[in-house]
Amino acid sequence: MRYSNCFIPTLRDVPADAEVISHQLLLRAGYIRRVTSGVYDYLPLALRVLRKIEAVIREEMNRAGAQELLMPMVQPGELWEKSERMEKYGPELLRFTDRHSHESCLGPTHEEVICDLVARELRSYKQLPMNLYQIQSKFRDEIRPRFGLMRGREFIMKDAYSFHADADCLAAEYDKMFATYQRIFTRFGLKFRPVEADTGSIGGSDSHEFHVLADSGEDLIAHCADCDYAANVEKAISVRPCISATPAALSVVETPGVSSVEDVAGFLSVDIGQLVKTLIYRIQGGAQDGAIVAACVAGDDQLQEIKLAHVAGADSVEMATDDDIASIGGVTGFVGPQQLSVRVLVDNRLHGATGLIAGANRRDAHVAGLDFGRDVPEAEFVDLRETRAGDRCSRCGGEMQLSRGIEVGQVFALGKRYTEPMEVLFQDRQGKRSVATMGCYGIGVSRLMAAIVEQCNDEAGISWPLALAPFQVGLISMGRSDAVRQTSEAIYRQFLEAGIDVLWDERNERPGVKFKDFELIGLPFQVVVGDRGLKEGAVEIGWRQQSRSSVPVADVVRVALSELEQARSSEAVN
RNA sequence: CGGGGCAUAGCGCAGCCUGGUAGCGCAUCUGGUUUGGGACCAGAGGGUCGGGUGUUCGAAUCACCCUGCCCCGACCA
């Protein structure tokens, strides 16, 4: 492309409302523009990058035996009624009614539609397994879109769905997809990590997320320094000894006006880990919808609400109100686990601990010498605490560390969560009707583009991996002499003939402007044609942000191509 | 939805406290000089000061309401 024909609206200043680097650079370099909250235009440069990302994903998915199809964005409400997600999915599902009063929604994901399709066509086990995928726009009415492409409401996703005759076959496909994802993210040159994950609103049993490591990431992941255990903190299990004091009889201590764990520990001069935090929650969804539960963790731990929701059989939990707390025999600020009229779930770390301090369920008082086994016999021990840096690994005893990550992919072994209600049935080898087993596998394509920018940037702008850059070569004409113009054009044509994406900057701009723009938008390789070099019959070539070398005009394209080829093969990991 | 902040030209900002008819840098357009790392000179265009109501002789400025955006929390690719 000739630069003067391109729509590349670059900005010198950083837009004030862009917080993270990927958002700033994609805006500044003319890749994206906001249309409305969480919804963006992908400008020509962005589309070029997206197409290249998609090409890699397609290649790997196809290699793994998956087939591409395309499903609609508009989906009928009845499908969601059938899977029982019409209610469960909540306000994130954008619903609307058409002129015939049919309930419809914009697809946030496609389990319903694909199950409906497969259920209609699937007859025999001989048709299985099968893995179908698409790359398509999704819409989720996020509570708080932010960070540009990192959390949009409309975004591009690659979503794959596999169907199987049995659990073993699903397990094999899950492993294959896991390996495929490793290959994909490796090909993008990313520092990433697969971690065990919660299944969230999608449901199912096993799940792994793929996180690109970045400080701007919204997720916290825990990983062992010594073994390969890694998990989202929503799920990570780790070990830390409990601080327990010498056993003692249960006694009441007056703690006037002192209620937070920090204050109580200070007031009584004890380690904060010796206290018990008793948190009261109201359950949402599930069989116990609306019920209240008590959850206890050590004073120096944080409760992980997602874990609580799971053990309580809930979709989610929310902090109880003061009235709720009073209704079960507690006193806000002084709640303790004893004699509450609800289920008491206690974190495993407190199992066997003695001499603990907890609220007394009476204003201005705590109890000391608490021993769950003796004083709260109905307590159920479960994993509730959030992993902290420095915990011991639950597998090998190594040290746990925390990192921030951007979730760019997730794989799920769904089992029959959708195929059962959606009636995805087939005749098995014995001639019996059987429910198919399912897996699903997503990659956030537009988010991935942002995640790559988070990892690939410097002072000057974006530094795309060669394989993803919108143009691999930036050809800069310096000066307006006929010699420069003609030589540039000849080189430009040769690159085009060689099938190289080249952006030729033939604008009547000063060199500085051209260099800055190319570095901002992130073109990896530069070819510079100027009168100074042409006097010696040479032009300069070189990688972005590195020094350039002179090459005779006649050899430029050949040398450049071989440099590009070399870089390509060292970048590619097969 | 709860908590915090912001809204003035395409982008970045000043002006507001102490009301008096809107300004700076960059970008854009015209002419000229420049052309090896975001040029210079001269001129020009572009703003219902987010919207509404009120106070006032007079509101970007003061008051109230609304809307939008950004950040922190719950959600997720």
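Residue numbers begin at 1 in each chain, while the letters A, B, ... track the order of the sequences.
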Identify whether any heavy atom of A:Gly442 sits under 4.0 Å from a base atom; if not, whether one sits that close to sugar-phosphate; answer base, sugar-phosphate or nothing.
nothing
Ranking B:rA77, B:rG36, B:rG38 by distance to the side chain of A:Pro511, first place goes to B:rG36
Touch class at under 4.0 angstrom, heavy-atom based, for A:Arg34 against every strand present
sugar-phosphate
Please tell me which of the listed nucleotides, B:rC75, B:rC71, B:rC69, lies nearest to the side chain of A:Thr36?
B:rC69
Select base, sugar-phosphate, or nothing to describe what A:Glu209 touches, counting heavy atoms under 4.0 Å on all strands.
nothing
Which nucleotide in the list B:rC71, B:rC11, B:rA39 gets nearest to the side chain of A:Val513?
B:rA39
Among B:rG12, B:rG73, B:rA77, find the nucleotide with the atom closest to the side chain of A:Asp13.
B:rG12
Sugar-phosphate only, base, or nothing, as touched by A:Val445 at under 4.0 Å among non-hydrogen atoms:
nothing
Measure from the side chain of A:Arg532, starting at C-beta and using heavy atoms only, and say which of B:rA77, B:rG36, B:rG38 lies closest.
B:rG36
Under 3.5 Å, is there an N or O donor on one side and an acceptor on the other linking the side chain of A:Arg544 and the base of B:rG37?
no
Considering every strand and a 4.0 Å limit on heavy-atom distances, what is the contact class for A:Gly90: base, sugar-phosphate, or nothing?
nothing
Which nucleotide, B:rG36, B:rG73, B:rC13, lies nearest any side-chain atom of A:Ala16?
B:rC13
State yes or no: are the ring centers of A:Phe178 and A:Phe210 separated by less than 6.0 Å?
yes
Classify A:Glu519 by what it touches in the nucleic acid, base, sugar-phosphate, or nothing, heavy-atom distance under 4.0 Å.
base
Atom pair distance, as rounded to whole Å: CZ in A:Arg12 and P in B:rG38
10 Å
So, is the end of the A:Arg48 side chain (NZ or CZ) under 6.0 Å from the ring centre of A:Phe471 and within 45° of the ring's axis?
yes
On a whole-Å scale, what distance lies between the C1' atoms belonging to B:rG25 and B:rA9?
13 Å
Distance, P atom - from B:rU8 to B:rG51, rounded to whole angstrom
10 Å
Using the C1' atom on both, measure B:rU28 against B:rG37 and round to a whole Å.
23 Å
Going by ring centres under 5.5 Å and near-parallel planes (under 30°), is A:Phe515 stacked on B:rG38?
no
Need one value for A:Ser37: base, sugar-phosphate or nothing, where a base atom within 4.0 Å counts as base even if backbone is also close, heavy atoms only.
sugar-phosphate
When you compare B:rU18 with B:rU56, how far apart are their C1' atoms, in angstrom units rounded to a whole number?
16 Å
Checking contacts here: which listed nucleotide (B:rC26, B:rC71, B:rG37) is nearest the side-chain heavy atoms of A:Arg146?
B:rC71
Should the ring pair A:Trp464 and A:Tyr31 be called parallel, tilted or perpendicular, given that the plane angle runs from 0 to 90° and is split at 30 and 60?
tilted
Using the six-membered ring wherever Trp is involved, compare the ring planes of A:Tyr181 and A:Phe185 and label them parallel, tilted or perpendicular (cut-offs 30° and 60°).
perpendicular
Sticking with atom P, work out how far B:rC17 lies from B:rC71, rounded to a whole angstrom.
30 Å
Between B:rA44 and B:rU35, how many Å separate the two P atoms, rounded to a whole number?
27 Å
Step by step, work out the side chain to side chain contact (heavy atoms under 4.5 Å, CB included) result for A:His211 and A:Arg404.
CA-CA 8 Å; A:His211 285 267; A:Arg404 297 223 143 253; over 6 Å; no
In whole angstrom, give me the gap between the C1' atoms of B:rC49 and B:rU61.
10 Å
The answer to which of A:Leu520 and A:Glu305 contacts RNA chain B further toward the 5' end, by nearest nucleotide, is A:Leu520
Nearest heavy atom decides the nucleotide; on that basis, is A:Phe147 or A:Pro15 closer to the 5' end of RNA chain B?
A:Pro15
Please determine, for the side chain of A:Arg480, which listed nucleotide (B:rU35, B:rG38, B:rA77) has the closest atom?
B:rU35
NA contact type, A:Arg548, heavy-atom cut-off 4.0 Å: base, sugar-phosphate, or nothing?
base
What I want to check is whether an N or O donor and acceptor connect the side chain of A:Arg140 with the base of B:rC76 at under 3.5 Å.
no
Does A:Gly152 reach a base, just sugar-phosphate, or nothing at all? Heavy atoms under 4.0 Å.
base
Would you confirm whether the ring centroid of A:Tyr3 sits within less than 6.0 angstrom of the ring centroid of A:Trp504?
no
Just how far is it from atom CD of A:Glu112 to atom CE of A:Met422, taken to the nearest 0.5 Å?
6.0 Å
A:Arg447 side-chain proximity, nearest of B:rC75, B:rG36, B:rC76:
B:rC76
Under 4.0 Å, heavy atoms only, any strand: does A:Asn508 hit a base, just the sugar-phosphate, or nothing?
base
Ignoring hydrogens and geometry beyond distance, is a side-chain donor-acceptor pair present between A:Gln75 and A:Trp80 at under 3.5 Å?
yes
Have a look at A:Glu318 and say if it touches a base, only the backbone sugar-phosphate, or nothing, with a 4.0 Å heavy-atom cut-off.
nothing
Between CD of A:Gln24 and P of B:rC70 the distance, given in whole Å, is 14 Å
Scan A:Met157 against the nucleic acid and name what it touches under 4.0 Å (heavy atoms): base, sugar-phosphate only, or nothing.
sugar-phosphate
Which value, in whole Å, describes the distance between the C1' atoms of nucleotides B:rA27 and B:rC11?
7 Å
For B:rG68, the Watson-Crick or wobble counterpart (both distances under 3.5 Å):
B:rC6
